[in-house]
Amino acid sequence: MKTSGLPEMTPFKVGETVKVLQVTGEAGAKVPEHYSTMEAVIIVQEGDAQLEINDEKHLLHAGTVFIIPAGKNHTLTLKSRFKAMVIMSKVSEVKFVE
């Protein structure tokens with residue numbers, strides 16, 4: 001599997017109380033272990049990925065909607081070209097585990 005580094009996570013829309021981030025990347029890209037300070041919803045638009053939360057693996061594909069619990073460390077590994085939206089509270093922060 002080729003490795004493309006990190007997926008891109010860019011702001012897409014910001015409202016009064018919520019924000020939407022767009023996540024895109026190529027097969028082999030991986031978001032290192034991190035967590036969100038509040039719940040986040042990921043809506044997969046294209047491709048396949050593996051979301052790992054506390055040693056539980058969840059396969060995501062186009063059409064998947066998944067709620068990621070607040071404060072749970074997780075990683076996202078892209079299995080193919082990938083595009084998704086992540087919706088979370090405007091005040092929520094993504095923190096990477098060192």
Side-chain angles (χ1 to χ4, degrees):
M1 176 184 297
K2 74 178 183 174
T3 301
S4 301
L6 297 172
E8 290 187 42
M9 191 178 336
T10 55
F12 185 73
K13 297 274 184 182
V14 178
E16 288 185 33
T17 60
V18 297
K19 60 185 170 188
V20 180
L21 305 174
Q22 185 170 55
V23 179
T24 57
E26 299 296 325
K30 182 175 181 177
V31 180
E33 191 171 14
H34 64 286
Y35 65 93
S36 175
T37 57
M38 301 178 85
E39 278 185 331
V41 178
I42 184 168
I43 302 168
V44 181
Q45 298 171 294
E46 176 184 327
D48 299 291
Q50 179 174 288
L51 176 67
E52 189 169 337
I53 304 173
N54 294 337
D55 297 324
E56 288 185 33
K57 296 176 182 177
H58 305 274
L59 296 178
L60 309 180
H61 56 273
T64 299
V65 176
F66 192 94
I67 298 173
I68 301 170
K72 295 284 185 179
N73 291 356
H74 59 280
T75 60
L76 182 71
T77 304
L78 308 188
K79 301 297 184 184
S80 64
R81 177 176 283 162
F82 187 79
K83 181 177 178 184
M85 295 292 181
V86 177
I87 303 167
M88 62 179 63
S89 170
K90 187 175 176 180
V91 297
S92 183
E93 296 179 56
V94 175
K95 300 198 178 229
F96 288 89
V97 178
E98 298 190 23

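Heavy atoms only: backbone and side chains are in, while hydrogens, waters and symmetry mates are out.
Here the CE-CG distance, from Met88 to Leu21, works out to 5.0 Å after rounding to the nearest 0.5 Å. For the atom pair CD of Glu16 and NZ of Lys90, the computed distance is 7.5 Å after rounding to the nearest 0.5 Å. The distance from the CD1 atom of Ile68 to the CG atom of Leu51 is 5.0 Å, given to the nearest 0.5 Å. The CD atom of Glu33 sits 4.5 Å away from atom CG of Asn73, with the distance rounded to the nearest 0.5 Å. Between Lys79 atom NZ and Glu26 atom CD the span is 15.0 Å, to the nearest 0.5 Å. With rounding to the nearest 0.5 Å, the separation of OG in Ser89 from CD in Glu39 is 10.5 Å.
Looking at Ser36, its side chain never comes within 3.5 Å of a backbone N or O of Val94 through a donor-acceptor pair. Judged by distance alone, with hydrogens and angles left aside, the side-chain atoms of Thr77 form no donor-acceptor pair with the main-chain N or O of Lys30 at under 3.5 Å. Panel note: side chain His34, backbone Thr75; no donor-acceptor pair is recorded below 3.5 Å. At least one donor-acceptor pair under 3.5 Å links the side chain of Ser92 to the backbone N or O of Met38.
Looking only at side-chain heavy atoms (C-beta outward), Lys95 and Thr37 come within less than 4.5 Å of each other. When side chains are defined from C-beta on, Pro32 does not count as touching Val97, because their heavy atoms never get closer than 4.5 Å. Side-chain atoms of Glu46 and Arg81, non-hydrogen and from C-beta on, do get closer than 4.5 Å to each other. Side chains of Val86 and Val20 form no contact here, defined as non-hydrogen atoms less than 4.5 Å apart. For the pair Leu76/Phe82, a side-chain contact is recorded, criterion being any heavy-atom separation below 4.5 Å from C-beta on. Here the side chains of Glu52 and His74 are not in contact, with every heavy-atom distance at 4.5 Å or above.
Between Leu78 and Pro7, the shortest heavy-atom contact is CD1-CG, 3.8 Å. The minimum heavy-atom distance linking Ala62 with Gln45 is given by the pair CB-O, 3.7 Å. In this structure, Asn54 and Lys72 approach most closely via the heavy-atom pair ND2-CD, 3.4 Å.
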### Task
Report the C-alpha distance between Lys83 and Val23 in whole Å, list the side-chain angles of each, state the deciding distance to 0.1 Å, and finish with yes or no for side chain to side chain contact (heavy atoms under 4.5 Å, CB included).
CA-CA 6 Å; Lys83 181 177 178 184; Val23 179; over 6 Å; no
### Query
Given the rule in the side chain to side chain contact (heavy atoms under 4.5 Å, CB included) test, do Val65 and Val41 qualify, once you have shown the distances and angles that lead to the verdict?
CA-CA 7 Å; Val65 176; Val41 178; 3.8 Å; yes
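Transitive grouping of hydrophobic side chains (ILVMFWY, heavy atoms separated by less than 4.5 Å) keeps Ile87 and Ile53 in distinct clusters. Residues Val31 and Tyr35 do not share a hydrophobic cluster, clusters being chains of Ile/Leu/Val/Met/Phe/Trp/Tyr side chains in contact below 4.5 Å.
Centroid-to-centroid, the aromatic rings of His58 and Phe66 come within less than 6.0 Å.
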